[in-house]
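Step one of this worksheet: look at the structure below.
Order of appearance sets the numbers: ligands from 1, and atoms from 1 within every ligand. This is a predicted model, so every value here is computed, not measured.
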Amino acid sequence: MHEPLTVAEYKAIAAELQFPTNAFIDGAFRPANSGKTFTSTNPATGEVLAEIAACDATDVDAAVSKAKQAFDDGRWRLRSPNERKEVLLKLAKLLERNRHELAVMESLDSGKPVRECQTVDVPDTIHTLRWHAELIDKLYDNTAPVGANALTMIVREPIGVVGCVLPWNFPLLMLAWKIGPALAAGCSVIVKPAQETTLTTLRVAELAHEAGIPAGVFNVVTGGGKEVGEPIGLHMDVDMVAFTGSTPTGRRFLRYAADSNLKKIVLECGGKNPAVVLDDAEDLDLVAEQVVNGAFWNMGENCSATSRLIVHSKVKDELLKRIGAYMREWKTGDPLDPVNRIGALVSKAHFEKVKSFLDDAKTEKLSVAHGGETYNGIFIEPTVVDGVTPASRLFQEEIFGPVLSVTTFNSLAEAIALANDTNYGLTASVYTGSLRNAIKLSREIRAGVVTVNCFGEGDATTPFGGYKESGFGGRDKSVFAHDNYCELKTIWIDVSERSVDETIR
Ligand SMILES: NC(=O)C1=CN([C@@H]2O[C@H](COP(=O)(O)OP(=O)(O)OC[C@H]3O[C@@H](n4cnc5c(N)ncnc54)[C@H](O)[C@@H]3O)[C@@H](O)[C@H]2O)C=CC1
Ligand code: BAL
């Protein structure tokens with residue numbers, strides 16, 4: 001069902017697309033109060049796609065007020081879990097029905113290869129929504145072991161109005177990671193997509209309305225970080241913010257919470273993720289394939305991208321040779337052509353940031369083992385830079401582009417120290433034929449997800465998030481994500497036959 005189409009079919013869909021352009025508040029599209037707009041372009045071609053409502057704090061106020069009203073009157077939160085499940089499953093079905101349109105829209109807006117949008121982003125988005133919908137009528141609350149004189153219930157309640165502040169690298173999927181558990185739990189949401197990639201979020205809001213999500217429960221406020229993100233962070237009637245993006249912006253949300261109502265903040269931030277390859281790794285072809293996939297999938301615009309190859313000096317040369325062979329399968333070019341696995345970077349500004357790391361490699365006289373070319377000021381071919389030391393910016397900073405740095409080690413202790421020599425701690429992968437070494441590395445590397453002899457982020461059942469400056473306050477995905485969007489309430493019911501004087505102490 002999610003097999004790619006041909007380039008001609010994708011171009012035909014692109015030619016017919018209608019783009020949503022206004023904010024979505026209280027069940028209807030509306031322009032920004034100021035009437036201002038910003039331009040959304042296709043990064044691969046520079047073509048203008050749409051003029052989108054440039055909202056500000058007044059639009060945030062309007063959306064929060066409607067979201068709070070919807071939460072307070074219980075039009076969604078008080079529906080039975082089974083009813084909420086059915087509506088969310090209907091939304092998943094509508095996404096399925098519109099999967100080609102969504103894949104093409106996502107690709108045009110972000111520069112991502114349509115092949116990945118069609119085979120990963122859209123199906124994973126649908127699966128995430130289904131998973132959280134299916135969870136909600138199978139969760140039981142608890143009672144506490146307090147003895148015979150009381151019945152004590154510990155119940156989850158939806159936290160309230162949730163601000164979902166999204167990045168541009170997986171617009172649909174990050175939307176689903178946040179709204180899946182939030183809407184399943186019964187919350188109302190204000191979604192702020194990244195300015196670079198607004199279109200699919202607006203289309204999903206329209207489909208959510210069609211699926212039966214009541215007005216005011218799912219709102220989208222479009223615009224910039226300062227103009228929309230900050231007012232959401234500072235709003236006294238927003239009960240929680242779920243954020244994915246850079247660590248500096250994540251820090252801002254902690255300040256916004258401190259300066260306003262102590263809203264709950266859950267952050268999923270950057271990564272500088274190592275692939276650690278020991279000299280006992282059994283299958284270097286498999287390692288090469290996984291490292292290439294980890295480093296270059298989604299152009300490396302991925303918080304969990306393999307960014308540092310930390311490899312035993314004995315196997316480095318052979319591994320780099322095999323990595324080069326696998327890289328030949330990763331063609332760079334037109335995102336709408338499904339032969340290409342590397343599309344455009346999301347924006348000129350981001351291209352310049354990633355290119356600055358290639359410039360640093362030249363300045364530091366590092367050896368470019370593979371790749372290194374840029375095209376049209378927006379495409380960067382997959383690149384492997386050898387001989388990178390921990391002092392280099394390439395080793396320490398999140399590049400968020402198709403650039404893999406290579407560093408060697410000679411002992412397990414050195415490998416662990418290198419892997420942990422970063423302020424980030426999101427993901428890591430380890431490659432070894434020894435169970436003992438696999439367990440040792442999995443335990444010693446400080447990261448939220450460690451994969452052994454493979455690269456990945458787990459699936460909908462596994463929590464995702466980071467140690468150190470990669471995350472804060474909770475995890476995305478799985479039943480643990482559901483708990484982010486709930487408060488825990490204790491209800492203590494006295495059932496003793498004692499007098500009031502005896503029970504109140
Ligand atoms: N963890 C991840 O998945 C992501 C990491 N990044 C990293 O961040 C770098 C910069 O990318 P950006 O798009 O600038 O990320 P960002 O963290 O600034 O943007 C993420 C979201 O936060 C919003 N935002 C920006 N400034 C804000 C503010 N002052 N207050 C409230 N909200 C604000 C943005 O509009 C967007 O919706 C990338 O090069 C990459 O290294 C970017 C996107 C996703
Ligand atoms: N890889 C999904 C999460 C992210 O990149 O932000």
Distance in Å, K93 NZ paired with L95 CG, rounded so as to fall on 0.5 Å steps: 12.5 Å

Atom pair SG/CG of C269 and L426 - distance to nearest 0.5 Å: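 Nearest 0.5 Å value for the SG-CG distance: 9.0 Å.
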
One thing to verify: whether [Y] and [X] come together as a salt bridge, which I'm taking to mean a side-chain N less than 4.0 angstrom from a carboxylate O.
X: E364; Y: R393; answer: no
X: R475; Y: D483; answer: no
X: D359; Y: K355; answer: yes
X: E96; Y: R130; answer: yes
X: R203; Y: E206; answer: yes

Compare [options] and give the one whose heavy atom is closest to [atom].
atom: atom 35 (O) of ligand 1; options: E196, Q195, K192, M174; value: K192
atom: atom 36 (C) of ligand 1; options: L166, L267, L426, V346; value: L166
atom: atom 17 (O) of ligand 1; options: S246, S304, C303; value: S246
atom: atom 39 (O) of ligand 1; options: K272, K353, E227; value: K353
atom: atom 31 (C) of ligand 1; options: G229, P171, G223; value: G229

Interfacing atoms of ligand 2 (cut-off 4.0 Å, heavy-atom, [X]):
X: T244; result: 6 (O)
X: F170; result: 1 (N), 2 (C), 5 (O)
X: N302; result: 1 (N), 2 (C), 5 (O)
X: M174; result: 2 (C), 3 (C), 6 (O)

If we only count N/O pairs under 3.5 Å, is [X] in contact with ligand 1?
X: G224; result: no
X: C269; result: yes
X: T249; result: yes

Main-chain N/O of D121 paired to K112 side chain as donor or acceptor, under 3.5 Å: no

Any protein heavy atom < 4.0 Å from atom 3 (O) of ligand 1: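 Answer yes: something from the protein, a heavy atom, is under 4.0 Å.
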
Contact bool for atom 19 (O) of ligand 1 (protein heavy atom, d < 4.0 Å): no

Which atoms from ligand 1 have a heavy atom of [X] less than 4.0 Å away?
X: V165; result: 21 (C), 22 (O), 23 (C), 37 (O)
X: F253; result: 31 (C), 32 (N)
X: Y256; result: 28 (C), 29 (N), 30 (N), 31 (C)
X: H350; result: 39 (O)
X: E398; result: 5 (C), 7 (C), 40 (C), 41 (O)
X: P167; result: 43 (C), 44 (C)
X: W168; result: 11 (O), 12 (P), 13 (O)
X: F243; result: 17 (O), 20 (C), 21 (C), 22 (O)

Under 3.5 Å between any N/O of [X] and any N/O of ligand 2: does that happen in this structure?
X: E301; result: no
X: N169; result: yes
X: E457; result: yes

Proximity to ligand 2 by part of L173, non-hydrogen separation under 4.0 Å: neither

[X], [atom1] atom: more than 12 neighbouring heavy atoms under 6.0 Å:
X: K331; atom1: NZ; result: no
X: K468; atom1: NZ; result: yes
X: F472; atom1: CZ; result: no

Among T407, D386, I323, side chain to side chain contact (heavy atoms under 4.5 Å, CB included) partner for L309: I323

Side chain to side chain contact (heavy atoms under 4.5 Å, CB included) partner of C164, chosen from I232, V189, N219: V189

Test item: L404 and S307 side chains (from C-beta on) under 4.5 Å apart, heavy atoms: no

Whether G233 lies under 4.0 Å from ligand 1, heavy atom: no

Residue-ligand contact F170/ligand 1, heavy atom below 4.0 Å: no

Donor on one side chain, acceptor on other, E51 and T39, under 3.5 Å: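 Side-chain D/A pair, E51 to T39: present.
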
T200-E106 side chain donor-acceptor pair, cut-off 3.5 Å: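 Yes, E106 and T200 have a side-chain donor paired with an acceptor closer than 3.5 Å.
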
Protein heavy-atom partner closest to atom 42 (C) of ligand 1 - residue, atom, separation in Å: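 Closest protein heavy atom to atom 42 (C) of ligand 1: F400 CE2, 3.8 Å.
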
Atom 6 (O) of ligand 2 [closest protein heavy-atom partner, distance rounded to 0.1 Å]: C303 SG, 3.1 Å

Heavy atom of E268, distance to ligand 2 below 4.0 Å: yes

Trace of the ring-ring contact (aromatic ring centres under 6.0 Å, His included) decision for F170 with W297: CA-CA 12 Å; F170 292 94; W297 178 57; 5.3 Å; yes

Candidate list T198, T21, D109, test side-chain hydrogen bond (donor to acceptor under 3.5 Å, both in side chains), partner S40, passing option: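 Result: among T198, T21, D109, D109 is the only option passing the side-chain hydrogen bond (donor to acceptor under 3.5 Å, both in side chains) with S40.
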
